[in-house]
*Asks:* 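Got a structure here, written out as structure tokens. Questions coming.
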Amino acid sequence: MKSLIAALALSTALVAPGLAVARPVTLTVNMADYGGRGAYLAIYVTDASGGYAGSLWMAGGKTRYYKHLQDWVQLAGGDVSQVDGITGASVGSGRSLDLSMDLADALFDAGYTLHIDAAAEDMRDSPNEVALPLTAAGAGTPVPGRRYIADVSYGF
Amino acid sequence: MKLAFALLLMSTAFGAGSAAFAAGQVLSLFPDASLVSSPSPDAALTLIEDDGDEGDDDGEGGWFWSQSGDDDDNDDDDCEAAKDASCVDTSTCNAAKAGSVPPPRNGLFTNGTAPVVKSN
């Protein structure tokens, strides 16, 4: 019996930290009816000092058009490896994008901000289309975009 | 009289021809018979670069490649790192699509789990 309790305590101790640092997050991006072709979106995070922390998603597969995602290019240095494995199709006018991911719990309430740069063919570039502070209190609150994105929200 | 007039005419013709030759002028029966025209030494040369990128719009802040007929679903003209081993210049290679390689270890994703995307 004692060994069973010890094993249970040990497994709990091993699993609990993992649960504590991981937070399942769903990010929903609703595109506006801007009337153009599929938009490229760079979704990335900056830290409390405004420095680049990393990328979460790249909507749009052709590297040669990434230059239109101006802030992302400036912060990430246009490094394509930053979005290897997290790249998908561009998002059409009036459509929505749902991203489900396990994010580090340390990103919330610590000054981190989620940014989205957007651009579409034959239309103006929109760097920092959305800037969304990552806070627990901000979950579920839609934040409007400037040109291509109707609103963005995240939930746990 | 006729002889004097003929001599005067002939001397005028010779004089005009020699004066032109002395001035370095070459008279030609054809308007421009030369095949090669060389620029003057101080002529400015302009190098025009074509990088093959349709609708390059650096500094314009917009997309100007509608004439290319390009479609996002057609990646035939680009090399892809995940598929093409000959793609050695990573700056021109497309990013690996989600699911083909693990997500970057940037500390944002716990346990290296890739995002699951749903678009509608």
*Asks:* List the atom of Leu99(A), the atom of Pro115(B), and the distance in Å for their closest heavy-atom pair.
*Replies:*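 Reported closest heavy-atom pair: CD2-CB, 4.0 Å.
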*Asks:* Look at Ser96(A), Gly54(A), Ala53(A), Ala106(A) and state which one has the largest set of heavy-atom pairs under 4.5 Å with chain B.
*Replies:*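 Of Ser96(A), Gly54(A), Ala53(A), Ala106(A), Ser96(A) has the most heavy-atom pairs under 4.5 Å with chain B.
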*Asks:* In terms of heavy-atom pairs under 4.5 Å, which option from Gly38(A), Ser55(A), Gly94(A) contacts chain B the most?
*Replies:* Ser55(A)
*Asks:* Quick one: CG on Leu97(A) to CG on Asn120(B), what's the gap to the nearest 0.5 Å?
*Replies:* 9.0 Å
*Asks:* Nearest 0.5 Å, please: how far is OG1 in Thr110(B) from CZ in Arg23(A)?
*Replies:*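 Atom-to-atom, Arg23(A):CZ and Thr110(B):OG1 are 11.5 Å apart.
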*Asks:* For chain B, which candidate among Ser100(A), Pro127(A), Gly78(A), Ala104(A) shows the most heavy-atom pairs at distances under 4.5 Å?
*Replies:*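 The residue among Ser100(A), Pro127(A), Gly78(A), Ala104(A) with the greatest pair count is Ser100(A).
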*Asks:* Quick check: is Leu27(A) connected to Phe156(A) through a chain of hydrophobic side chains (ILVMFWY, heavy atoms under 4.5 Å apart)?
*Replies:* yes
*Asks:* How many angstroms lie between atom CD of Gln82(A) and atom CG of Asn106(B), to the nearest 0.5 angstrom?
*Replies:* 7.0 Å
*Asks:* What residue, out of Val29(A), Leu107(A), Leu103(A), has the most heavy-atom pairs lying under 4.5 Å from chain B?
*Replies:*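 Sorted descending by pairs with chain B, the first entry is Leu103(A).
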*Asks:* Any donor-acceptor pair under 3.5 Å linking the side chain of Asp84(A) with the backbone of Ala96(B)?
*Replies:* yes
*Asks:* Please flag which part of Pro103(B) lies under 4.5 Å from any non-hydrogen atom of chain A: side chain, backbone, both or neither.
*Replies:*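 Both backbone and side chain of Pro103(B) come within 4.5 Å of chain A.
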*Asks:* Can you tell me if Ser119(B) uses its side chain to pair, donor with acceptor, with the backbone of Val91(A) under 3.5 Å?
*Replies:* no
*Asks:* Taking every heavy-atom pair that is under 4.5 Å apart, which of Thr28(A), Leu56(A), Asp79(A) has the most such pairs with chain B?
*Replies:* Leu56(A)
*Asks:* Where does Ser81(A) contact chain B at under 4.5 Å (heavy atoms): side chain, backbone, both or neither?
*Replies:*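 The backbone, not the side chain.
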*Asks:* Check whether any side-chain heavy atom of Asp102(A) sits under 4.5 Å from a side-chain heavy atom of Phe109(B), and report yes or no.
*Replies:* no
*Asks:* Can you see which heavy atom on Thr87(A) is nearest to which on Ala95(B), and at what distance?
*Replies:* OG1-CB, 3.5 Å
*Asks:* Taking the side chain as every heavy atom from C-beta outward, state whether Pro104(B) and Val83(A) have any atom pair closer than 4.5 Å.
*Replies:*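 Side-chain contact under 4.5 Å: no.
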*Asks:* OG1 of Thr26(A) to NZ of Lys118(B): how many Å apart, nearest 0.5 Å?
*Replies:*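 Reported to 0.5 Å precision, the distance equals 9.0 Å.
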*Asks:* Do the side chains of Val45(A) and Leu108(B) get nearer than 4.5 Å, heavy atoms only?
*Replies:* yes
